[in-house]
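Chain letters run A, B, ... following the sequence lines, proteins first, then strands; residues in each count from 1.
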Protein chains: 2
Amino acid sequence: MSAHIHAEQPALTKNQSLVYDALTRSKAPLSAYAILDGVREHGIRAPLQVYRALDKLLEMGLVHRLESLNSFVACSNSECEARETIVFAICEKCSKVSELADDRLEAQLNALASADHFSVHAATVELRGFCKQCRPTG
Amino acid sequence: MSAHIHAEQPALTKNQSLVYDALTRSKAPLSAYAILDGVREHGIRAPLQVYRALDKLLEMGLVHRLESLNSFVACSNSECEARETIVFAICEKCSKVSELADDRLEAQLNALASADHFSVHAATVELRGFCKQCRPTG
DNA sequence: TCTGTTGTGTTACACTATAACGTATGCAAT
DNA sequence: ATTGCATACGTTATAGTGTAACACAACAGA
């Protein structure tokens with residue numbers, strides 16, 4: 001196995017590093033403009049600079065986009081690049097995001113799609129709820 | 001069973017009807033502003049009028065929001081209100097959206113979340129790919 | 001009738017994302 | 001080395017998505 005984490009990626013450029021670091025430091029997902037606010041002091045001034053860096057980071061798999069929040073998170077799962085389907089569990093109280101992966105779920109989704117003669121290229125799966133720490137019961 | 005389709009809903013108001021009809025007529029998902037363009041001739045002039053109607057229609061379950069497209073579709077599945085998880089299969093060629101539902105998938109998602117001690121309130125599942133008619137093989 | 005709730009209409013604004021343009025940097029091939 | 005190309009950068013302007021705040025209208029129930 002020797003699972004390597006995001007290996008063989010080209011080095012990050014200055015803007016990409018700034019954006020990636022901002023996301024890594026944050027405990028919660030950040031919008032592109034929230035990222036911008038965080039990197040202004042480092043010389044980035046325009047939204048486009050952030051979006052361009054994000055595009056590359058998304059390509060490399062270092063960052064994920066949460067469609068239901070219009071926000072971005074640094075990848076926290078060393079295995080995620082091996083999969084086409086990642087499940088994001090988004091806590092509505094503390095905003096923490098967990099990445100879950102499961103081969104059976106992916107198979108299930110593909111089976112469901114196949115039954116409808118639909119061929120899947122990409123899947124977005126985002127769960128809203130409470131994380132372990134924030135659940136009413138504790 | 002006697003599956004009833006969206007029964008016991010309050011009657012739609014004028015604006016709600018206009019927005020719902022626009023979505024029903026459309027073969028593809030519509031953005032709020034695309035809906036607005038479609039109902040201007042009927043007296044709706046401002047985005048907020050559309051968003052307010054959409055909010056109610058979403059509450060009633062007559063309309064779904066596609067997070068990955070920032071767009072809306074009229075519900076096409078008589079069973080969907082009985083479920084908390086609907087899978088949307090979005091064709092990237094013809095834009096057609098199918099609603100798929102599957103108890104096993106829902107169970108699978110809940111199991112996956114439970115393993116992480118996450119309690120699910122809502123789920124977004126959107127598949128991108130090609131529908132039966134648009135697949136390369138036909 | 002009074003009152004609360006829901007829906008409506010309007011203006012203004014905030015947030016999210018991209019188009020279009022030009023410049024700079026690095027690297028490969030001659 | 002210089003030419004040529006690809007990639008990244010910086011800036012301005014603009015497009016697309018979504019709400020805040022305020023006022024008025026319609027209607028139901030006490």
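To the nearest 0.5 Å, atoms CG (A/L62) and CG (A/L54) are separated by 11.5 Å. Here the CZ-CG distance, from A/R25 to A/D21, works out to 6.0 Å after rounding to the nearest 0.5 Å. Note that the CG atom of A/L100 and the CZ atom of B/F118 stand 8.0 Å from one another [nearest 0.5 Å]. Between B/K14 atom NZ and B/L18 atom CG the span is 6.0 Å, to the nearest 0.5 Å. Atom CG of residue A/N77 and atom OG of residue A/S98 lie 10.0 Å apart, to the nearest 0.5 angstrom. Rounding to the nearest 0.5 Å places CZ of A/R135 at 7.0 Å from NE2 of B/H117.
The minimum heavy-atom distance linking B/L127 with A/A123 is given by the pair CD2-CB, 3.6 Å. Shortest non-hydrogen contact noted between A/S95 and A/P29 is O-CD, 3.2 Å. Looking at every heavy atom in both residues, B/V50 comes nearest to B/A32 through CG1-O, 3.7 Å.
Using a 4.0 Å cutoff on non-hydrogen atoms, no part of residues 23-43 of chain A comes near DNA chain D.
If you take CD1 of A/I44 and C1' of D/dG10, they are 11 Å apart, rounded to a whole angstrom. Whole-Å rounding puts the B/K14 NZ to D/dA25 P distance at 15 Å. Rounded to an integer number of Å, the gap from CD of B/Q49 to C1' of D/dG18 is 15 Å. In this entry the distance linking OH of A/Y51 with C1' of D/dG10 reads 17 Å, nearest Å.
There is no side-chain donor-acceptor pair under 3.5 Å between B/E67 and A/S68.
Under 4.0 angstrom from either OP1 or OP2 of D/dA20 there lies no side-chain N or O belonging to B/R52. For the OP1/OP2 pair of D/dA8 and a distance below 4.0 Å, the side-chain nitrogens and oxygens of A/N15 include no atom meeting the criterion.
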Intra- and interstrand pairs of DNA chain C - dot-bracket, Watson-Crick/G-U under 3.5 Å, | marks other strand: ||||||||||||||||||||||||||||||
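Ring centers of A/H64 and A/F88: under 6.0 Å apart, within the cut-off.
Extent of DNA chain C lying under 4.0 Å from chain A heavy atoms, first and last nucleotide in 5' to 3' order, is C/dT16 to C/dA20.
Residue-to-nucleotide proximity on DNA chain C shows that, of A/L48 and B/K56, the 5′-proximal contact is made by B/K56.
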